[in-house]
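Residues take their numbers from the sequence shown, with the count starting at 1. What's counted below: heavy atoms across the whole structure, side chains too, no hydrogens, waters or symmetry copies.
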Amino acid sequence: MNGKEIFEYVDKSLINLKKSDLMFLPHSNMPNEMIDNSVEQQSDWIPWKAITSKVTNEDILELENQIELKYPRLYKDFLKYKHFYELENVGEITFFKHCIRDWKSNLTEYYFDYWEPEEIIKKGFIPFAHYSDWGIVCFDTNQKIKNDCPIVMFDHETLYDETVTFEELYESFELMAFELLNELNEL
């Protein structure tokens with residue numbers, strides 16, 4: 001593993017979505033740079049395309065300061081790689097959308113509005129994906145090793161229990177990227 005697996009996963013996922021004709025959204029306010037004009041619109045479903053990310057180091061630092069936590073290095077690279085609406089769901093993990101216009105506000109909503117920040121962010125966990133339709137996938141920054149973190153999953157329902165529990169899914173983001181790419185290659 002060398003970290004490049006996350007980019008290979010993104011690229012292969014986008015290729016698979018395109019081949020399956022799944023890169024359409026009913027999004028009347030889609031940013032022009034993400035509209036795929038090479039594909040015909042289907043009713044109110046607009047074809048979209050991934051584009052090179054415009055995320056800067058300053059953008060990332062702003063978010064890290066806001067949550068008072070540091071992202072793993074490879075996740076920063078992931079954020080700076082491509083903007084997309086979705087990636088292929090592999091291993092029950094669905095990354096949060098990363099649209100050019102609202103990626104930062106989207107992450108901020110996940111951090112502070114969707115779940116209990118006192119149980120997630122304030123305890124050192126950074127959400128970055130959904131698990132199936134019932135969980136949240138997070139970095140566990142409490143166990144940072146070599147600028148990477150274990151990947152854990154919370155059941156939405158446990159966030160309101162007296163004792164919030166989570167399950168470790170992967171030892172690191174790099175290992176998760178490696179496993180997701182392998183699963184995607186097997187499809």
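- The ring pair (Phe, Tyr, Trp, His ring centres under 6.0 Å) test with Phe96 is passed by exactly one of Tyr110, Tyr85, Tyr75: Tyr110.
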Assess whether side-chain contact (heavy atoms from CB on, under 4.5 Å) is satisfied between Asp77 and Ile6, documenting all intermediate values.
-> CA-CA 9 Å; Asp77 294 341; Ile6 193 63; 5.9 Å; no
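- Put simply, CD1 on Ile51 and CD1 on Ile100 are 3.5 Å apart, with the number rounded to the nearest 0.5 Å.
- Tyr111 and Leu61 fall into different hydrophobic clusters, where Ile, Leu, Val, Met, Phe, Trp and Tyr are joined by side-chain heavy atoms under 4.5 Å apart, directly or via other members.
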Can you list the steps and then say if Leu169 with Met176 is a side-chain contact (heavy atoms from CB on, under 4.5 Å)?
-> CA-CA 8 Å; Leu169 298 177; Met176 184 189 93; over 6 Å; no
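- Here the NZ atom belonging to Lys12 is positioned 4.5 Å from the CG atom belonging to Asn185, to the nearest 0.5 angstrom.
- Under the 4.5 Å side-chain heavy-atom criterion for grouping Ile, Leu, Val, Met, Phe, Trp and Tyr, Phe166 is connected to Trp134 within one hydrophobic cluster.
- When the options Lys104, His98, Lys82 are evaluated for a side-chain contact (heavy atoms from CB on, under 4.5 Å) with Val55, the one that passes is His98.
- Remark: the backbone N or O of Lys70 is paired with a side-chain donor or acceptor of Lys144 at under 3.5 angstrom.
- At a threshold of 4.0 Å, the pair Asp59-Lys54 does not count as salt-bridged, since none of the basic side-chain nitrogens sits closer than that to a carboxylate oxygen.
- In terms of heavy-atom proximity, Leu184 sits nearest to Ser13 at CD2-N, 3.6 Å.
- Under the 4.5 Å side-chain heavy-atom criterion for grouping Ile, Leu, Val, Met, Phe, Trp and Tyr, Ile15 is not connected to Leu17 through any hydrophobic cluster.
- Here Lys76 pairs with Glu64 in a salt bridge; the nearest charged N to carboxylate O distance falls below 4.0 Å.
- Classification of the Phe125-Phe154 ring pair by plane angle, with boundaries at 30° and 60°, yields perpendicular.
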Step-by-step side-chain contact (heavy atoms from CB on, under 4.5 Å) determination, Asp148 to Tyr170 = CA-CA 11 Å; Asp148 205 344; Tyr170 300 97; over 6 Å; no
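- Counting heavy atoms of neighbouring residues, nucleotides and ligands inside a 6.0 Å radius, atom CD of Gln41 exceeds 12 of them.
- Side chain of Glu92 to main chain of Tyr131: no donor-acceptor pair is present (N/O by atom type, distance under 3.5 Å, no hydrogens or angles).
- The shortest distance between side-chain heavy atoms of Leu107 and Pro127 does not fall below 4.5 Å.
- Between Phe173 and Phe139, the ring center distance clears the sub-6.0 Å criterion.
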When you look at Cys99 and Asn106, which way does the side-chain contact (heavy atoms from CB on, under 4.5 Å) test go after all the steps?
-> CA-CA 9 Å; Cys99 177; Asn106 188 48; over 6 Å; no
ring-ring contact (aromatic ring centres under 6.0 Å, His included) assessment of Phe78 paired with Phe128 | CA-CA 11 Å; Phe78 170 82; Phe128 66 91; 8.0 Å; no
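- A continuous path of ILVMFWY side-chain contacts below 4.5 Å connects Leu22 to Trp48, so both sit in one hydrophobic cluster.
- Here the CD-NZ distance, from Glu68 to Lys122, works out to 5.0 Å after rounding to the nearest 0.5 Å.
- Asn57 meets the side chain to side chain donor-acceptor pair (under 3.5 Å) test with Lys80; sequence neighbours excluded.
- At a threshold of 4.5 Å between side-chain heavy atoms, the hydrophobic network of Ile, Leu, Val, Met, Phe, Trp and Tyr places Phe112 and Ile126 in one connected group.
- The shortest distance between side-chain heavy atoms of Thr108 and Gln66 falls below 4.5 Å.
- Annotation for Trp45: hydrophobic cluster partners, listed by chain and number, are Phe24, Val39 (ILVMFWY side-chain heavy atoms under 4.5 Å, direct or chained).
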Do Phe84 and Phe95 pass the ring-ring contact (aromatic ring centres under 6.0 Å, His included) test, and can you show the C-alpha distance, the side-chain angles, and the key distance before you say yes or no?
-> CA-CA 10 Å; Phe84 55 84; Phe95 283 89; 7.1 Å; no
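- Remark: side-chain polar atoms of Tyr9 are paired, donor with acceptor, to backbone N or O of Glu88 under 3.5 angstrom.
- Under the 3.5 Å distance criterion, the side-chain polar atoms of Thr141 are matched with a main-chain donor or acceptor of Gly124.
- Between Asn37 atom CG and Lys49 atom NZ the span is 6.5 Å, to the nearest 0.5 Å.
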Asp11/Tyr81 under side-chain hydrogen bond (donor to acceptor under 3.5 Å, both in side chains): CA gap, chis, key distance, verdict | CA-CA 10 Å; Asp11 291 339; Tyr81 185 55; 2.6 Å; yes
